[in-house]
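What follows is one structure encoded as structure tokens, with my remarks underneath.
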Amino acid sequence: QNAYSFAAIEAKWPAVWDELGVFTPKDDGSRERRFVLDMFPYPSGDLHMGHAEAFAMGDVVARYLRLKGYDVLHPIGWDSFGLPAENAAIKRNAHPSEWTYANIETQAASFKRYGLSLDWSRRLHTSDPAYYRWTQWLFLRFYERGLAYRKNHPVNWCPKDQTVLANEQVVNGACERCGTPVTKKSLNQWYFKITDYADRLLDDMAELEGHWPERVLAMQRNWIGRSEGAHVRFAIEGTSEAEGGQARREVTVFTTRPDTLYGATFFVVAADADLAGELVSPEQAQALAEYQDRVKALSEIERQNTDREKTGVFLGRYAVNPLSGEKLPVWAADYVLADYGTGAIMAVPAHDQRDLDFAKAFGLPVRTVLDTGEEDPAVSGTATSGEGTLINSGALDGLSKAEGIAKAIETVESAGTGEGTVNYRLRDWLLSRQRFWGAPIPIIHCPVDGEVPVPDEQLPVRLPDDLRGEQLAPKGTSPLAAAEHWVNVECPRCGGPAKRDTDTMDTFVDSSWYYLRYVSPDYTEGPFDPEAAKRWMPVAQYVGGVEHAILHLLYSRFFMKVLKDMGLVDADEPFAALMNQGQVLNGGKAMSKSLGNGVDLGEQLDRFGVDAVRLTMVFASPPEDDVDWADVSPSGSAKFLARAWRLGQDVTSDPGTDPGTGDRALRTVTHRTLAEAAELVESHKFNVVVAKTMELVNATRKAIDGGPGGADPAVREAVETVAIILSLFAPYTAEDLWAALGHEPSVAGAAWPQYDPSLLVEETVTAVVQIQGKVRDRLEVAPDISEDALRELALASANVQRVLDGRGIRTVIVRAPKLVNIVPA
Ligand code: ANZ
């Protein structure tokens with residue numbers, strides 16, 4: 001009983017917590033509700049140091065809010081569909097569920113050991129039929145609303161994983177998962193129409209301002225990429241005799257700078273868009289084909305390199321500028337992207353650097369149309385993009401940039417050759433995957449009825465459980481296509497032979513709504529109980545890595561808005577506040593197999609104990625900063641915890657002792673710590689809270705050993721405060737300390753003590769004011785008052801003024817904070 005043993009206390013408390021159900025919200029309206037959520041884990045292997053950090057941070061918030069009297073929902077689940085399980089199954093001739101659920105059990109055991117204040121009764125796994133039934137149900141609702149559709153489209157294809165990747169999953173031209181250079185492939189794919197929500201996704205960010213990290217908001221804004229500009233139609237003229245009489249074809253460009261229309265000196269279409277082949281003259285067809293082969297051979301990485309020399313090929317055609325009537329040569333080049341804007345541009349080399357580089361490479365003219373006072377771009381080689389006055393621009397001459405943009409749009413609109421428009425970088429969300437381990441898309445393809453949704457009452461469309469190993473390997477089509485007993489079904493509409501859709505959903509679909517399932521995990525009438533969602537949503541604090549700054553958060557925000565339109569939720573945004581925890585590094589570098597610098601969480605827990613590891617995570621730095629495990633001291637944390645725990649052994653007063661009569665100096669430290677800790681937790685400076693707790697522990701130890709001793713009521717008050725604050729980061733030690741003080745478990749259910757403001761008021765001392773040695777006044781002043789301040793106070797005293805009665809002053813002698821002696825003239 002007298003020595004601190006983390007192993008002993010770790011063995012003791014989990015069963016008690018389980019039995020008491022302290023972490024299960026009441027959900028009865030007796031307290032205000034708060035939903036605290038950590039991004040749910042993917043079940044690859046056991047928990048690692050990154051999980052340990054993120055979940056330690058989320059738990060601080062959940063535990064603090066509980067102590068503050070809120071009814072806290074802090075659930076856990078697993079994002080358990082996905083490729084690694086499938087790859088493991090192929091290797092081991094197994095079913096992906098075996099690997100998945102075994103890993104989930106391992107992680108669940110580790111989470112429990114880690115002492116998180118989670119409500120285990122709401123646990124979910126996205127690969128459970130009881131969960132994905134509702135993922136499919138949501139897909140069908142999106143489908144009915146025209147928000148899920150299929151189209152044939154060139155898609156990003158990972159030749160190694162044999163699967164389609166969303167743009168978001170292509171990083172520098174390579175597969176996000178395996179690093180293989182990504183190629184293009186044309187496939188019939190399912191999409192979610194997230195672009196319909198582009199403006200709301202942007203506008204609603206106003207609500208998140210100040211509650212989400214600014215850089216995450218910036219990344220979202222950038223990803224949506226709203227650009228205001230114009231569509232302008234250029235007629236394309238054939239130049240060869242053989243083509244004479246051909247109807248003039250029009251090609252639309254997207255430009256953000258319609259004011260520079262008179263500066264367009266050539267026209268470019270994306271080399272890899274169909275349009276290039278449609279426009280090319282017979283004479284240039286061969287040159288185009290050769291160029292296209294060259295472009296295809298480049299990796300995406302090379303293509304996106306902006307320093308690369310510009311390449312392109314003339315298409316033997318001219319485009320007519322609708323404003324000036326000028327004929328511009330039409331080129332195909334790879335610096336124009338097929339899937340942005342319209343895939344065609346008017347090139348204005350004087351005011352766009354990419355166009356200028358191209359013009360220089362091919363000897364094309366450069367014409368300045370906005371005089372910015374800078375050197376002529378044709379000479380300097382630097383395009384100008386600032387403010388200025390339009391020149392060489394017909395009726396636009398003399399206008400500013402903004403006026404020119406407005407006038408150019410007005411002109412093309414009235415001529416019927418264009419219109420003002422808004423363009424987005426955001427693309428629709430490609431959600432079909434030709435993989436096995438995901439939620440099957442609940443659509444049946446019938447030769448008579450076409451696409452037929454699976455009726456709701458037939459959900460879930462379960463994955464077949466008899467495919468194993470090699471049968472799961474991707475062959476360019478979904479492995480489900482080979483499972484004939486599964487694929488062949490009756491059409492729900494005509495009863496004739498039909499086939500199931502064989503694609504599964506991107507796992508980001510599963511994670512776009514999981515937070516809602518937690519509010520009513522056993523609900524069977526829908527994905528969640530709308531009443532429960534109204535009670536709990538939005539999530540008050542979401543915690544997770546910045547690697548999810550774009551996709552997961554954007555997709556979840558999109559789902560929430562659609563659900564709002566369906567009348568199922570009240571809130572517009574799913575996550576009212578977001579905290580990104582930093583990474584755990586080792587030796588200044590991210591832990592990785594190749595560097596061999598990985599730190600094993602289990603081993604750290606065995607060595608130092610859960611609380612010491614958790615405390616170290618929190619103490620090392622503010623949550624959003626990285627923690628370098630090479631620089632921290634879990635053994636130091638362990639020593640501190642033992643020190644805090646021993647305080648409990650030395651308190652000899654009874655529980656419920658009135659602290660009012662205790663040592664005032666210690667009480668001041670306790671109450672100051674309480675006041676500061678609350679503010680620091682709320683502003684996420686958890687590391688400073690730990691430092692303050694250490695100071696309180698030191699002050700308490702001094703009071704026990706060299707002060708009023710362990711029987712003093714102020715000592716009990718101080719140690720209770722230590723237990724309560726410590727429960728945020730070191731739940732086992734805190735619980736044991738709480739018990740040692742004679743309290744019933746759990747400290748998690750205690751109330752965060754109110755601090756007494758009167759104890760925080762600085763004490764004062766009395767300063768005596770004399771005139772020629774005679775006491776004339778006494779002033780209550782702060783002990784650390786400055787000489788100048790004390791002199792001023794003394795001279796301003798009404799008594800002093802009366803005695804002086806207008807006489808001047810020879811000298812004033814000040815001995816702060818006790819004495820002022822005034823010598824009149
Ligand atoms: C003429 C022009 C003149 C342009 C000028 C810019 C400056 P953001 O702002 O990113 O939306 N553009 C349009 N579609 C393109 C594509 N598929 N591939 C490459 N470039 C494309 O960029 C819009 C501008 O990027 C458009 O405005 C167009 O060039 C170019 F002084 O039109 B601009």
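The residues of the chain are indexed from 1 along the displayed sequence. Below, all heavy atoms of this structure are taken into account, side chains as well, without hydrogens, waters or symmetry copies. All values reported here derive from a predicted model rather than from experimental measurement. Start at 1 and go down the list; that is how both ligands and their atoms are numbered.
Salt-bridge formation is not detected for the pair E573/R200: no Lys NZ or Arg NE/NH1/NH2 atom is positioned less than 4.0 Å from an Asp or Glu carboxylate oxygen. Comment: E176 does not engage K160 in a salt bridge, judged by the lack of any side-chain N to carboxylate O separation of less than 4.0 angstrom.
In this model, a donor atom of one side chain and an acceptor atom of the other lie less than 3.5 Å apart for D199 and Y424.
Ranking protein heavy atoms by distance to atom 10 (O) of ligand 1, first place goes to Y340 OH, 3.5 Å. Ranking protein heavy atoms by distance to atom 33 (B) of ligand 1, first place goes to T255 OG1, 3.6 Å. The protein atom (non-hydrogen) at minimum distance from atom 29 (O) of ligand 1 is D352 OD2, 3.9 Å. At the shortest separation from atom 28 (C) of ligand 1 among protein heavy atoms lies F254 O, 3.7 Å. Ranking the protein heavy atoms by distance from atom 23 (C) of ligand 1 puts T256 CG2, 3.7 Å first.
Of all the atoms in ligand 1, the ones that sit under 4.0 Å from a non-hydrogen atom of S227 are 8 (P), 9 (O), 11 (O). Of all atoms in ligand 1, numbered sequentially from 1 with element shown, those under 4.0 Å from a heavy atom of H351 are 5 (C), 7 (C), 31 (F). Of all the atoms in ligand 1, the ones that sit under 4.0 Å from a non-hydrogen atom of Y335 are 19 (C).
Between F358 and F362, the ring-plane angle classifies as tilted under the 30° and 60° cut-offs. Between H445 and W190, the ring-plane angle classifies as tilted under the 30° and 60° cut-offs.
Of all the heavy atoms of I345, the ones lying under 4.0 Å from any atom of ligand 1 belong exclusively to the side chain. The proximity of T260 to ligand 1, defined as any non-hydrogen pair under 4.0 Å, is limited to the side chain. At a heavy-atom cutoff of 4.0 Å, ligand 1 is contacted by both the backbone and the side chain of V336.
Using a non-hydrogen distance threshold of 4.0 Å, R354 registers as a contact of ligand 1.
Any N or O atom pair closer than 3.5 Å counts here, and L337 shares at least one such pair with ligand 1.
Applying the salt bridge (charged side-chain N to carboxylate O under 4.0 Å, His left out) test to every pair with at least one member in residues 369-388, sequence neighbours left out, gives no pairs at all.
Under the rule for a side chain to side chain contact (heavy atoms under 4.5 Å, CB included), the partners of Q284 that lie at least two apart in sequence or sit in another chain are V280, S281, A287, V313, F314.
Taking the ring centre of Y191 as origin, the terminal cationic atom of K151 falls inside the region bounded by 6.0 Å and 45° from the ring axis.
P538 is not listed as a side-chain neighbour of F575, based on a closest heavy-atom distance of 4.5 Å or more.
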